[in-house]
Structures are given as structure tokens and as C-alpha cells.
Amino acid sequence: MDETARRPLPRSFFARETLVVAEALLGCLVVRELDDGRILVARIVEVEAYCGPDDSACHAAKGRTPRTEVMFGPPGHAYVYLIYGIHHMLNFITWRDGFPCGVLIRALEPVENIGAMRTLRPVSGRALCNGPGKLTAALGVTRTLYGHDLTQGSFLWVCERDIELNAEEVARGPRVGIDYAAPVDRDAPWRFWLRDNPWVSKAR
DNA sequence: CCGGCGATGGTCT
DNA sequence: GACCATCGCCGGC
């Protein structure tokens, strides 16, 4: 990847409706700069949209709290939280200031510096980053990146896709792991993935 | 290959 | 004190 291709996507990319951003993120590259300067690159192959206070699956539906504070701010920032006491989840904040919503990154296809990823998460095969808790481990993403500005080109950012993507390559369906949500939200087809991509997470 | 279950800690009631 | 936007292990096939 050359230097121009590593430019971070601007805030205007994230400042669109969450479903639009979610689908637009497919095929894009996540770039992670470790504290020692090493650069890890991976392609986004699966995401889920969480669409504001009226979406009962969205954390912000339960109100504004210290944890969800970043969701209520401007788009283009990282929302990282811990789930089940073990796994970090990585989300990108979308749309507009004051409307809490975002996109969960659920699976990545490793592209560059895979050896470093396997040091951070020593497993073989596709278990490296085919799940939301796996990919944060493989990229060394923790709560220290909570609220991080994704448009600055440091530590964590996103680059536009470097491949062609046709509409028929994109699949969509209900989100995973939100049984507690209202039926209308449980059933909403707000999970997007690259059809047939082997790095997509196992449906649970 | 698969299904069930325990781990583990921050967050909110 | 309950709830989790999950994962890995273990046992059964």
C-alpha cells in the first residue's frame, strides 16, 4: 500500500446516515499504528449498524451515560467498550452530533503485517479476526482508544477501499447477539457482510 | 464438526 | 446484583 492510499477517510465519510456508512465501510481498510510504530492493515468484511435512541439494540437507547458519551458526540470517533468482561468491541461513530449511533466492526480480513497480528493474538487460520472480539485482540485495540479521532491518521484510522465492490457481493441480514432487543429491531437487516468472504464471522 | 456452558469485569439499577 | 453487540474449551458425535 502506498502512502497516499493510507490517508484517513474524512469526517464527511462518517457524517452520513448510519446504514449508509455501514455499507460503505465494507471493503475499506482499517489501519492500526501500534505504540512502537508498526502498521497493521486489515479489510472490513462484516459490520453492524446501531441506529440511535429508538433502536432498542443500540447502547444509547438506554440513555446518555459515561460509557455511551462518545456516541452522542460528532462522527468519526471510535467507541470501544468491554463486553462479557473479556472482549473489546470496536465501533465507529456516525451521522451527526447529538444523535447517538454507530457501526460495530464484526470481522476483518488481514492484509498487511499479519505476523504482528498473530503475535498479538496467537491463533492459526481464520480465527485471527473473524469476530468482533477477535479483531480487537489482533489489532491491539483496547479502551485506551475510546473516543479516538479516526480522521487524524494516527493510531487508528480507515482508508477507502482499494478494490471494486459490486452490489451483488454485499449481503445483509439481522444483527447478532441482541435477543434482548424489541422484535422490530431484532429482525432489522442491519448487519452487512461481503458474501462468500471466508473471513466473515460464524453466525451464532 | 457441532452445541453447550463457564469465564470475567464494567456498567447501570 | 444482573446484565451483556463474545469466545474458547470440552465432550459427543
Side-chain angles (χ1 to χ4, degrees), chain A residues 14 17-23 25-26 30 42 44-73 75 77-95 99-110 117-148 150 156 158 171-194 198-204:
Chain A
F14 300 95
E17 213 178 316
T18 304
L19 292 173
V20 172
V21 178
E23 189 163 359
L25 279 168
L26 288 177
V30 172
I44 298 172
V45 299
E46 180 182 351
V47 297
E48 282 175 0
Y50 287 86
C51 300
D54 296 326
D55 172 7
S56 62
C58 181
H59 287 172
K62 300 185 183 73
R64 189 168 186 156
T65 68
R67 181 179 65 152
T68 60
E69 182 62 27
V70 69
M71 295 191 91
F72 288 80
H77 292 255
Y79 171 38
V80 182
Y81 66 90
L82 191 64
I83 193 66
Y84 298 112
I86 302 175
H87 307 291
H88 293 273
M89 301 283 110
L90 173 62
N91 301 253
F92 299 153
I93 300 309
T94 54
W95 207 10
F99 189 87
C101 49
V103 175
L104 170 69
I105 309 303
R106 281 197 57 89
L108 298 173
E109 173 185 341
M117 294 184 208
R118 294 210 187 269
T119 302
L120 286 162
R121 179 175 155 74
V123 298
S124 61
R126 289 169 190 152
L128 180 61
C129 46
N130 66 342
K134 302 175 188 178
L135 69 90
T136 52
L139 294 184
V141 169
T142 68
R143 273 188 56 83
T144 62
L145 287 167
Y146 179 92
H148 177 73
L150 299 164
L156 183 67
V158 188
R172 64 186 288 181
R175 294 168 291 180
V176 174
I178 54 164
D179 288 347
Y180 61 88
V184 63
D185 298 320
R186 257 196 344 244
D187 300 338
W190 292 349
R191 171 181 177 233
F192 299 85
W193 66 95
L194 293 185
W199 292 89
V200 168
S201 75
K202 308 259 189 197
R204 300 183 90 84

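In the text below, chain A, chain B and the rest are named by the order of the sequence lines, each starting its count at 1.
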Atom pairs, protein N/O to nucleotides 2-5 of chain C N/O, distance under 3.5 Å:
residue, atom, partner, partner atom, Å
C:dA5, OP1, A:His59, NE2, 3.3
C:dA5, OP2, A:Tyr180, OH, 2.7
C:dA5, N9, A:Tyr81, OH, 3.2
C:dA5, N7, A:His59, NE2, 2.8
C:dA5, N1, A:Asn91, OD1, 2.4
C:dA5, N3, A:Tyr81, OH, 3.2

Applying side-chain contact (heavy atoms from CB on, under 4.5 Å), name anything that partners A:Pro100, two or more places apart in sequence or on another chain.
A:Pro53, A:Ala60, A:Met71, A:Phe72

Under the side-chain contact (heavy atoms from CB on, under 4.5 Å) rule, collect the residues that match up with A:Ala42, sequence neighbours excluded.
A:Leu108, A:Met117

Distances under 3.5 Å between protein N/O atoms and the N/O atoms of nucleotides 9-13 of chain C, please, pair by pair.
none

Just the rounded figure in Å: distance from [atom2] of [N] to [atom1] of [X].
X        : N      : atom1 : atom2 : value
A:Ile86  : B:dT11 : CD1   : P     : 16 Å
A:Arg126 : C:dG8  : CZ    : P     : 16 Å
A:Asn130 : C:dG8  : CG    : C1'   : 12 Å
A:His87  : B:dG9  : NE2   : P     : 12 Å

Using the P atom in both, what is the distance from C:dA5 to B:dG3, to the nearest Å?
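Pairwise P distance, C:dA5 against B:dG3, rounds to 22 Å.
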
Could you pull out all donor-acceptor pairs under 3.5 Å where a side-chain atom in residues 81-90 of chain A meets a protein atom, sequence neighbours excluded?
none

Please list, chain by chain and in numerical order, all residues satisfying ring-ring contact (aromatic ring centres under 6.0 Å, His included) with A:Trp95, sequence neighbours excluded.
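Listed in chain order: A:Phe99.
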
What side chain to side chain donor-acceptor pair (under 3.5 Å) pairs are there with at least one residue in residues 175-186 of chain A, not counting sequence neighbours?
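Of all non-adjacent pairs touching residues 175-186 of chain A, those that pass side chain to side chain donor-acceptor pair (under 3.5 Å) are A:Asp55-A:Arg175, A:Ser56-A:Asp185.
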
If the condition is salt bridge (charged side-chain N to carboxylate O under 4.0 Å, His left out), which residues does A:Glu17 pass it with, not counting sequence neighbours?
none

Listed by chain and number, what are the salt bridge (charged side-chain N to carboxylate O under 4.0 Å, His left out) partners of A:Glu48, not counting sequence neighbours?
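Counting only residues at least two positions away or on another chain, A:Glu48 forms a salt bridge (charged side-chain N to carboxylate O under 4.0 Å, His left out) with A:Arg106.
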
Only Watson-Crick and G-U wobble pairs with both distances less than 3.5 Å should count. Give DNA chain C in dot-bracket notation, marking inter-strand partners with |.
||||.|||||||.

Please classify the nucleic acid contact of A:Arg121 as base, sugar-phosphate, or nothing, using heavy-atom distances under 4.0 Å.
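Sugar-phosphate contact only - A:Arg121 comes under 4.0 Å of backbone atoms but never of a base.
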
Do any side-chain atoms of residues 137-145 of chain A form donor-acceptor pairs under 3.5 angstrom with protein atoms, and if so which ones, sequence neighbours left out?
residue, atom, partner, partner atom, Å
A:Thr142, OG1, A:Thr144, N, 3.4
A:Thr142, OG1, A:Thr144, OG1, 3.2
A:Arg143, NH1, A:Val80, O, 3.3

Sequence neighbours left out, what passes side-chain hydrogen bond (donor to acceptor under 3.5 Å, both in side chains) with A:Glu109? Give chain and number order.
A:Asn197

A:Val200 and A:Arg191: which non-hydrogen atoms are nearest, and at how many Å?
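Distance-wise, the nearest heavy atoms are CG1-NH2, 3.9 Å.
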
Just by distance, with hydrogens left out, do A:His77 and A:Tyr146 show a side-chain donor and acceptor under 3.5 Å apart?
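Side chains of A:His77 and A:Tyr146: no pair found under 3.5 Å.
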
